[in-house]
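Below is one structure, written out as structure tokens; the observations come after it.
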Amino acid sequence: MPAPARPDDCIFCKIIEGDLPADIVHADEITVAFRDLNPQAPTHVLVVPRSHYANAAELARHEPTSVAALVSAGSAVAAAEGLDDGYRLVFNTGAGAGQTVFHAHLHVLGGRSLQGHMA
Ligand code: 5GP
Ligand code: ZN
């Protein structure tokens with residue numbers, strides 16, 4: 001099944017296409033990873049699929065192997081960033097959970113103790 005067309009107003013599609021600048025730390029056939037503009041931890045990277053889907057659940061429904069690719073890319077980023085003590089992987093899904101960009105993305109957070117923090 002072909003990936004859906006890119007909406008004109010999606011900032012992550014623009015970053016993937018190179019139309020909007022970003023500090024890209026990893027790219028492969030399925031994913032692109034770049035630093036969050038407003039970091040919530042010393043390391044805060046977003047890993048996005050090249051295909052546009054509104055959230056991780058939609059991505060899982062249409063391209064399940066891409067979800068594994070996001071997690072693999074996230075772990076490669078964590079290793080490259082030296083997050084040997086651990087890191088957090090987060091998919092905010094839906095506005096009520098704080099999702100603000102409706103192109104599926106995996107947050108990779110680390111660099112200080114995150115123990116006990118759920119948000
Ligand atoms: P959400 O809240 O949807 O889970 O996460 C969206 C994230 O995208 C936020 O952490 C926000 O700081 C980040 N973000 C929003 N716009 C941009 C942008 O233009 N460039 C980058 N690198 N990050 C962005
Ligand atoms: Zn998009």
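Just so you know, ligand 1 is whichever comes first in the structure, and atom 1 is the first atom listed for that ligand. Keep in mind that what you see is a predicted model, and the values were worked out from it rather than measured.
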List ligand 1 atoms under 4.0 Å from L46, heavy atoms only on the residue side. 7 (C), 8 (O), 13 (C)
Minimum heavy-atom separation for L106 and L70, please, with both atom names. CD2-O, 3.5 Å
Using every non-hydrogen atom in the two residues, find where G94 and Q99 come nearest and quote the distance to one decimal. N-OE1, 2.8 Å
If hydrogens are left out, which of N92, D36, V45 has an atom nearest to atom 10 (O) of ligand 1, that is, the closest non-hydrogen atom? D36
For atom CG of D28, decide whether the heavy atoms of other residues, nucleotides or ligands shown that lie under 6.0 angstrom number more than 12. yes
Are any of the side-chain nitrogens in R50 or E63 under 4.0 Å away from the carboxylate oxygens of its partner? no
Looking only at non-hydrogen atoms, find the nearest pair between A56 and V67 and report the distance. O-CG2, 4.4 Å
At less than 4.0 angstrom from any non-hydrogen atom of H107, what atoms of ligand 1 do you find? 1 (P), 4 (O), 5 (O), 10 (O)
Do L46 and L89 land in one hydrophobic cluster if side-chain heavy atoms of ILVMFWY residues count as linked below 4.5 Å? no
Atom indices of ligand 1 within 4.0 angstrom of F12 heavy atoms, with elements: 8 (O)
Proximity of H105 and H107 rings by center, below 6.0 Å: yes
Nearest neighbour of atom 19 (O) of ligand 1 from the list T93, L37, D23, T100, on a heavy-atom basis: L37
Interatomic spacing from CD1 in I11 to CG in L37 - rounded to 0.5 Å: 8.0 Å
Over all atoms of both residues, closest heavy-atom pair of H26 and T31: CD2-OG1, 3.7 Å
Nearest protein heavy-atom contact for atom 15 (C) of ligand 1: which residue, which atom, what distance? I11 CD1, 3.9 Å
Side chain, backbone, both or neither: which part of V90 has a heavy atom under 4.0 Å from ligand 1? neither
Note: ligand 1 atoms sitting under 4.0 Å from heavy atoms of H105 are 1 (P), 3 (O), 4 (O), 5 (O), 6 (C)
Is the number of heavy atoms from other residues, nucleotides or ligands under 6.0 Å of D19 CG greater than 12? yes
Mark up the atoms of ligand 1 that fall under 4.0 Å of a heavy atom belonging to G98, in ascending order. 1 (P), 2 (O)
So CD1 of I15 and CD1 of I24: to nearest 0.5 Å the spacing works out to 7.5 Å
What atoms in ligand 1 come closer than 4.0 Å to a heavy atom of F34? 22 (N)
Please give me the protein atoms (N, O or S only) lying under 2.8 Å from the Zn ion (ligand 2), ordered by chain and number. C10 SG, C13 SG, H52 ND1, H103 ND1
Among all protein heavy atoms, pick out the one at the shortest distance from atom 22 (N) of ligand 1; state its residue, atom name and that distance to 0.1 Å. R35 O, 2.9 Å
For E81 and V108, what are the C-alpha separation, side-chain angles and deciding distance, and is it a side chain to side chain contact (heavy atoms under 4.5 Å, CB included)? CA-CA 10 Å; E81 295 285 316; V108 180; over 6 Å; no
Closer than 4.0 Å to some heavy atom of N38 - which atoms of ligand 1 meet that? 12 (O)
